[in-house]
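Structure first, commentary second.
Worth knowing before you read on, the calculation uses all heavy atoms, side chains too, and leaves out hydrogens, waters and symmetry mates. Since the structure is predicted, the reported quantities are computational estimates derived from the model, not experimental observations.
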Amino acid sequence: MAAGTRIAVLRERASGETRVSATPETVRKLIGLGAQLAVESGAGSSASIADADYLAAGAEIGTAEQVLAGADIVFGIQGPDPSLLGPVRPGAWIVAGLDPFGQHGRVEAYAASGLEALAMEFMPRITRAQSMDILSSQSNLAGYKAVLVAANIYGRAFPMMMTAAGTVSAAKAFIMGVGVAGLQAIATARRLGAQVSATDVRSATKEQILSLGAKPIFVENVAGIEGEGSGGYATEMSEEYRRAQAELVSSHLAKQDIVVTTALIPGRAAPRLISDAQIATMKPGSVIFDLAAPQGGNVEGCVADEVVERHGVRIVGYSNTPAHLPADASALFARNLFNFLSAFWDKEQGKPVLDEEIGNAIRLTQGGKVVHERLLA
Ligand code: NAD
C-alpha cells in the first residue's frame with residue numbers, strides 16, 4: 001500500500017441488507033488520517049445517506065468498478081462478492097463482517113485472489129478492541145428493535161395503566177440470553193413498562209440483570225458457566241443442565257406475555273431454548289421474538305422474516321435485525337471500522353499495520369491461503 005491508502009465503500013448487495021459500511025462522518029475522519037475514500041453511487045441510500053453527503057465529506061463517487069480500481073482496502077457490512085474485486089490492488093484488505101463459518105466458499109475465493117480478508121466479527125473481546133466490535137454495536141441495536149417489534153405485534157400494552165375504564169395490567173417480558181442484545185432488550189422492555197425477568201447460562205449475568213431492575217431466573221441445582229465464560233462466550237451445555245433449564249423455564253414461560261431469545265454459541269448453531277410443547281403452554285396472544293433466527297433459532301417453529309402462529313402464540317425473528325435500523329446501525333458499524341483502522345494507522349507508512357494479537361484473531365486469508373486456525377481446524 002502506498003501513501004494515500006485508497007478505501008472503497010461498496011453498495012451492499014445481499015438481499016435485505018440496508019446498512020452501509022462508511023458514513024460521511026467516518027469518511028471525513030479517514031481522510032483526516034490520510035486515506036482516499038471512494039464510495040459506490042447509491043451505497044448509502046437505504047441508510048438515508050445521499051451521494052452528495054459523501055461528496056461533501058470528501059469522498060469520490062463512482063460505479064463499483066471505478067471505486068474498486070486500485071483500492072487497498074474494501075469496506076463492507078457483509079463480505080463483497082469476490083467476482084467484483086478484480087480491479088483492487090494485489091493483497092488488498094477486505095474489512096467486513098465475513099460470516100467465516102457460513103461463507104466458506106467466499107473466504108476461499110478471497111484467498112485464491114490473493115486478498116487479505118479480515119473478519120470483523122472475530123475481533124477479540126479485549127478492552128482495547130471494544131470500540132471496534134461490530135457484534136456488540138449491532139447486537140445492542142438488535143436487542144432494542146426486538147422488543148419494539150414484539151411490542152408492536154402484541155395486542156396489549158406494556159405498561160400498567162390506570163384508566164377511567166379500568167386497569168390495564170403490565171406485560172411480563174422474559175429475556176433469554178443476557179449478552180449485549182439481551183441487556184439492551186431488558187432495558188428497553190423496562191423502559192416500556194413491562195415486568196422483566198431474564199436468564200443466562202453465565203453466572204456473571206445475574207448481577208447485570210439485577211442492576212437493570214429485572215428478575216434473574218437461574219438453574220440452581222446444576223452448575224452453569226462460572227463468571228463471564230471464556231472471552232465472554234457461552235459453550236454448549238451438558239444434557240443435565242439442559243434438562244434442568246427446560247424444566248425451570250417451562251413453568252416460567254407459561255406466565256409470560258413477551259419472550260425475547262438471544263442465545264448464541266460462537267461457531268455453532270444456536271441452542272434450542274423453547275420447544276413447541278412449551279409454546280403450547282403459553283397464553284394465546286403472547287409474542288416471542290427470536291434474535292437467534294439467523295443462526296438457526298432458539299425457538300422451535302421460528303421462520304426468519306415471517307410471523308408464525310403456533311398455539312395462538314406469535315413467533316417472529318428477522319434474518320437481519322440490525323438492518324431494520326439502517327441509519328444507526330450504519331453509524332455504529334462505520335465507527336467500528338474507523339476505530340479499527342485508526343488504532344493501527346502508521347503515519348510514516350500512510351497505512352494501517354496490524355499487531356499480532358488482533359491481526360491473527362481476525363485475518364482469514366493471506367498469501368493465497370486460508371490462514372485462520374478456526375477455519376483450518
Ligand atoms: P452472544 O451473542 O455470544 O450470546 C448471547 C447470550 O446468550 C450470552 O450471554 C450467552 O451466555 C447466552 N447463552 C448461550 N447459550 C445459552 C443457553 N443455552 N441458555 C441461555 N443463555 C445462553 O454474547 P454477547 O452478547 O456477544 O456477549 C457475551 C459477553 O461478552 C457479555 O458479557 C459481554 O459484555 C461480553 N463482551 C465483551 C466485549 C469486550 O470486552 N470487548 C465485547 C463484546 C461482548
Side-chain angles (χ1 to χ4, degrees), residues 101 125 135-136 139 142-143 146-147 172-187 189-190 194-283 286 288-302 310-311 313 315 317 374 377:
F101 298 113
R125 294 200 151 165
L135 292 183
S136 293
S139 299
V147 172
K172 290 193 175 69
F174 181 39
I175 315 300
M176 302 185 74
V178 187
V180 178
L183 287 170
Q184 186 55 255
I186 295 173
R190 288 267 301 152
Q195 276 176 24
V196 185
S197 57
T199 191
D200 200 292
V201 292
R202 293 181 300 116
S203 66
T205 60
K206 217 184 263 185
E207 279 296 310
Q208 297 162 359
I209 294 166
L210 285 166
S211 74
L212 288 172
K215 184 179 171 198
I217 305 289
F218 275 71
V219 171
E220 302 291 355
N221 48 346
V222 184
I225 297 172
E226 276 312 303
E228 290 279 8
S230 140
Y233 285 118
T235 49
E236 218 151 306
M237 304 307 287
S238 66
E239 184 51 43
E240 190 190 9
Y241 184 94
R242 275 186 275 172
R243 227 177 298 123
Q245 186 188 40
E247 205 172 296
L248 172 81
V249 162
S250 287
S251 55
H252 190 66
L253 272 176
K255 295 175 238 147
Q256 302 307 308
D257 302 301
I258 303 291
V259 179
V260 176
T261 66
T262 80
L264 295 180
I265 300 166
R268 304 253 176 143
R272 178 52 46 86
L273 299 184
I274 302 182
S275 67
D276 189 68
Q278 287 170 315
I279 295 168
T281 70
M282 292 177 67
K283 287 177 281 184
S286 303
I288 306 177
F289 192 106
D290 186 352
L291 266 173
Q295 285 84 14
N298 294 140
V299 182
E300 186 172 356
C302 179
R310 296 288 302 157
H311 315 288
V313 175
I315 310 165
R374 282 168 77 185

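Between R190 and L212 the shortest side-chain heavy-atom distance does not fall below 4.5 Å. Side-chain atoms of I274 and V259, non-hydrogen and from C-beta on, do get closer than 4.5 Å to each other. L248 has its side chain out of reach of E220: every pair of non-hydrogen atoms, C-beta onward, lies at least 4.5 Å apart. For the pair R125/L135, a side-chain contact is recorded, criterion being any heavy-atom separation below 4.5 Å from C-beta on. Inter-residue side-chain proximity for M176 and N298 is flagged as unmet; no heavy-atom pair is nearer than 4.5 Å.
For T205 and D200, the side-chain atoms include no donor-acceptor pair closer than 3.5 Å. Between E300 and S275, the side chains place no donor N or O within less than 3.5 Å of an acceptor N or O (distance only, hydrogens not considered).
The environment of CD in E207 is sparse: at most 12 heavy-atom neighbours from other residues, nucleotides or ligands sit within 6.0 Å. Within 6.0 Å of the NZ atom in K283, the count of heavy atoms belonging to other residues, nucleotides or ligands exceeds 12.
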Verdict with reasoning, L273 to Q278, per side chain to side chain contact (heavy atoms under 4.5 Å, CB included): CA-CA 10 Å; L273 299 184; Q278 287 170 315; over 6 Å; no

Verdict with supporting geometry, V222 and R243, side chain to side chain contact (heavy atoms under 4.5 Å, CB included): CA-CA 10 Å; V222 184; R243 227 177 298 123; over 6 Å; no

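Atom CE in M282 sits 12.0 Å away from atom NZ in K255 (nearest 0.5 Å). In this structure, CZ on F218 lies 5.0 Å from OG1 on T199, to the nearest 0.5 angstrom. In this structure, the separation between CD1 on I258 and CD1 on I175 is 9.0 Å, given to the nearest 0.5 Å. Taken to the nearest 0.5 Å, the CD1 atom of I209 stands 9.0 Å off from the NZ atom of K206. The CD1 atom of I217 sits 7.5 Å away from atom CD of Q256, with the distance rounded to the nearest 0.5 Å. Rounded to the nearest 0.5 Å, atoms NE2 (H252) and OG1 (T281) are 11.5 Å apart.
The minimum heavy-atom distance between C302 and A293, with the atom names listed, is SG-CB, 4.0 Å. In terms of heavy-atom proximity, A146 sits nearest to F289 at CB-CD2, 3.5 Å. Contact detail for L264 and Q295: the closest heavy-atom pair is CD2-OE1, 3.5 Å. In terms of heavy-atom proximity, H311 sits nearest to I279 at CD2-CG2, 4.0 Å. Summarising the geometry of A263 relative to A270, their closest heavy-atom pair is O-CB, 3.7 Å, with the distance given to 0.1 Å. Residue A234 comes nearest to I225 through the heavy atom pair CA-CD1, 3.7 Å, listed as atom of the first residue, atom of the second, then distance.
In this structure, T262 contributes its side chain and G177 its backbone to a donor-acceptor pair below 3.5 Å. At least one donor-acceptor pair under 3.5 Å links the side chain of D290 to the backbone N or O of V299. Although no hydrogens or angles enter the test, the distance criterion places no donor-acceptor pair under 3.5 Å between the side chain of S139 and the main chain of S136. Listed for the R242 side chain is a donor-acceptor partner under 3.5 Å among the backbone atoms of M237.
Just one residue in the list V260, L253, V313 forms a side chain to side chain contact (heavy atoms under 4.5 Å, CB included) with I288, and that residue is V313.
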